[in-house]
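Worth knowing before you read on, the calculation uses all heavy atoms, side chains too, and leaves out hydrogens, waters and symmetry mates. Just so you know, these numbers come straight off a predicted model, no measurement behind them. Counting begins at 1 with the first residue of the sequence.
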Amino acid sequence: MPPTTAPTAGHTLPTQVTPPGFALSDLGPHAILGVDVVALPVLQADEDDRDAGERRADDPGPRLLLGPGAEELSELLGVDLIALLEAERATGRAGEITRLPVPLGGPDNAELRSVLLVGTGKQSPTDLRRAGAALARATKGRSAVATSVPAVADSAGLEAFVVGLMLGSFVFHWKSEPPAQGPVERVVLTDLPDSEAHVLARAIAVGGAGWRARLLATVPSNLKSPAWLADQAVAAAEEAGLAVRVWDERELVAEGFGGIVGVGQASATPPRLIRLDYTPDGASRRTPTVVLVGKGITFDTGGLSIKPGEAMTTMKRDMTGGAVVIATMAALGAVGCPVRVVGLVPAAENAVSGDSVRPGDVLRHWGGRTSEVTNTDAEGRLVMADALAYAAAEIEPAAMVDVATLTGAMKVALGQRTGGYFANDDALAGALEDAAESAGEPFWRFPLAEVYEEKIASKVADADNAGGGPGAITAALFLQHFVGDVPWAHLDIASAGDAPSDFHEWTAGPTGFGARTLLAWLGGDDPLAGVRGA
């Protein structure tokens, strides 16, 4: 996790809660002593299943089974748990919770206070992720839970359950007192052998990346400046053994990063460019490199093209893409990423002052391409253009992927639970789509429609930064000019950058959307399989 205290301008982030700790046990949940909650899986029986745990034939509801530990716990407590499910008209759907209070404790475990029967649907990864998130919410304020829920799933289901439980536990606060109910402190995953330890470690890394990205995106901007974000990246690099470099405002000017400098010049907190480098064990000169670029606008007023007041309320999270890249980079070693990865985060605050970039100004990007700024609220593409151009020329990667809360048009198109993406290489697009599906972060592909190139044409510069038209597509076309012939994908997560309410593993507020997808992709055996030139 990132450091939880860092003074800036007299502000200090209060100590934050941390995710639950996890352990494996080959014992049943009833045999784990010192826990105040036991959670058992509820399964929907197949039509031809005639096991003793099924519903009676005269009951029109779904027939349900209970997973490992149910028989022993029923006997210990003297309770028919299947009858309890029937009485509560449980369906077994993923995330459904049926509660049995145990106010006096169990005969072998005086600390036991509750038994939770957790619906697991058909035990798909999505079902298990939702079951984990539901269990997280049901156990807030508890000290320890023993659960056999992931014992009914394969390794993918185990990972999904742990990730869901971690992310469903997420809490951020800046109050004078700590949260009244934090996440459950300890989770024992029962009926599982030690051989699953590597799966658990990967799951904790993936869930931790989602947690880190959410935390960084949720920190208020009276603390979160570009320099503060760079400090968090340096701390993550030290934690994960990454190489790191940070350009300050003088170096950015000297080296020609005109987009980053132009967007950030109006702010009292100057811009930064952050670079993180991951090298896998056993890497050779032939090991390919992937570049990740994350938009790092630490607050977005819109500049002189100022946003309406209500539109600014979530703009502390306009650096979610940068948070996703930092969090992803810190977890690459834990998921066994086999390729080199360079993460770039162009960080700036889009503020208003006498030094603001004006509509009609022309900025020169790294490498020489110029942009006419017709809308200062289309600033994300200006800073990302510098990073993409630098990466394509100086790093020469096998592929590049950028992630950004870039366009309101994407939110109009997709709502708030699906991200949009573009790609100039079908194999890369397919790999990201598969990764997104397995990670539980749905993305929808949009076309790089050349017919709209005329929208970003400028009479005085190489491009107009806000040509209008289909806004998400023209933004992607603007960025495409900076990647050269490198296989590239652009993830526009403005649609899913905020969750309006708690929903499965999503908690209300900044989502960190994209970290799980990137880790599922880069943690695969061959992330660049079939990608042009790789």
Side-chain angles (χ1 to χ4, degrees), residues 1-8 11-21 133 136-137 140 162-175 178-179 181-185 203-240 242 274 276 294-299 313-332 334 343 345 347 403-405 441 493 496-499 502 505-519:
M1 293 298 100
T4 54
T5 58
T8 297
H11 302 291
T12 303
L13 184 66
T15 299
Q16 299 295 307
V17 301
T18 56
R137 294 190 174 93
K140 283 185 177 180
V162 170
V163 169
L165 204 159
M166 289 181 72
L167 295 182
S169 300
F170 181 79
V171 177
F172 178 88
H173 83 99
W174 199 321
K175 297 182 179 181
Q181 288 190 325
V184 62
E185 297 174 12
I204 291 171
V206 173
W211 187 290
R212 186 194 295 268
R214 286 187 192 179
L215 177 58
L216 291 174
T218 307
V219 170
S221 295
N222 57 333
L223 173 59
K224 183 170 54 187
S225 65
W228 182 90
L229 188 61
D231 287 344
Q232 307 313 299
V234 169
E238 292 175 350
E239 171 192 317
L242 308 176
I274 304 159
L276 301 170
K295 175 184 171 185
I297 300 298
T298 57
F299 192 82
T313 58
T314 61
M315 286 300 103
K316 68 179 183 180
R317 68 94 177 103
D318 208 22
M319 39 58 68
T320 293
V324 165
V325 168
I326 292 169
T328 298
M329 294 297 299
L332 289 173
V345 180
V403 54
T405 49
E441 292 181 326
I493 59 168
D498 281 290
D502 290 352
E505 73 269 26
W506 307 107
T507 51
T511 61
F513 197 97
R516 287 185 277 154
T517 294
L518 292 177
L519 288 170

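- A donor-acceptor contact shorter than 3.5 Å links the side chain of R214 to the backbone of L167.
- Residues F172 and V219 form a side-chain contact, since some pair of their non-hydrogen atoms from C-beta on lies under 4.5 Å apart.
- To the nearest 0.5 Å, atom CD of residue E239 and atom CZ of residue R212 are 4.5 Å apart.
- Smallest separation of non-hydrogen atoms from A327 and A209: CB-O, 3.3 Å.
- Minimum interatomic distance between A499 and T511 (heavy atoms only, all atoms of both residues): N-CG2, 3.4 Å.
- Side-chain contact between L332 and L519 is present, with at least one heavy-atom pair separated by less than 4.5 Å.
- Nearest heavy atoms, V163 versus A203: CG2-O, 3.6 Å.
- Distance check, rounded to the nearest 0.5 Å: OG1 of T12 to CH2 of W174 gives 7.5 Å.
- Checking side-chain atoms of T320 against main-chain N and O of A217 turns up no donor-acceptor pair under 3.5 Å.
- Of the possible donor and acceptor atoms, one in the side chain of K295 sits under 3.5 Å from a partner among the backbone N and O of T405.
- Residues D502 and F170 have side chains not in contact (no heavy-atom distance under 4.5 Å, counting atoms from C-beta outward).
- Heavy atoms only, all atoms of each residue included: G168 and R137 are closest at O-CG, 4.0 Å.
- Not a single donor-acceptor pair under 3.5 Å links the side chain of D318 to the backbone N or O of F299.
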Are I326 and L229 close enough, and set up right, to give a side-chain contact (heavy atoms from CB on, under 4.5 Å), and what steps lead you there? CA-CA 9 Å; I326 292 169; L229 188 61; 4.0 Å; yes
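- With rounding to the nearest 0.5 Å, the separation of OG1 in T298 from CG in L216 is 12.0 Å.
- The nearest pair of heavy atoms linking P20 to V184 is CB-O, 3.3 Å.
- For the atom pair CD of Q232 and CG of L13, the computed distance is 8.5 Å after rounding to the nearest 0.5 Å.
- Heavy atoms only, all atoms of each residue included: P179 and V171 are closest at CG-CG1, 4.1 Å.
- Within the structure, salt bridge (Lys or Arg N to Asp or Glu O under 4.0 Å) contacts touching residues 506-517 (residues at least two apart or in different chains) are E441-R516, E505-R516.
- Listed for the S169 side chain is no donor-acceptor partner under 3.5 Å among the backbone atoms of A136.
- When atom types are taken as modelled, the side chain of K316 and the backbone of T218 share a donor-acceptor pair closer than 3.5 angstrom.
- The distance from atom CD1 of I297 to atom OG of S221, rounded to the nearest 0.5 Å, is 11.0 Å.
- In this structure, Q16 contributes its side chain and H173 its backbone to a donor-acceptor pair below 3.5 Å.
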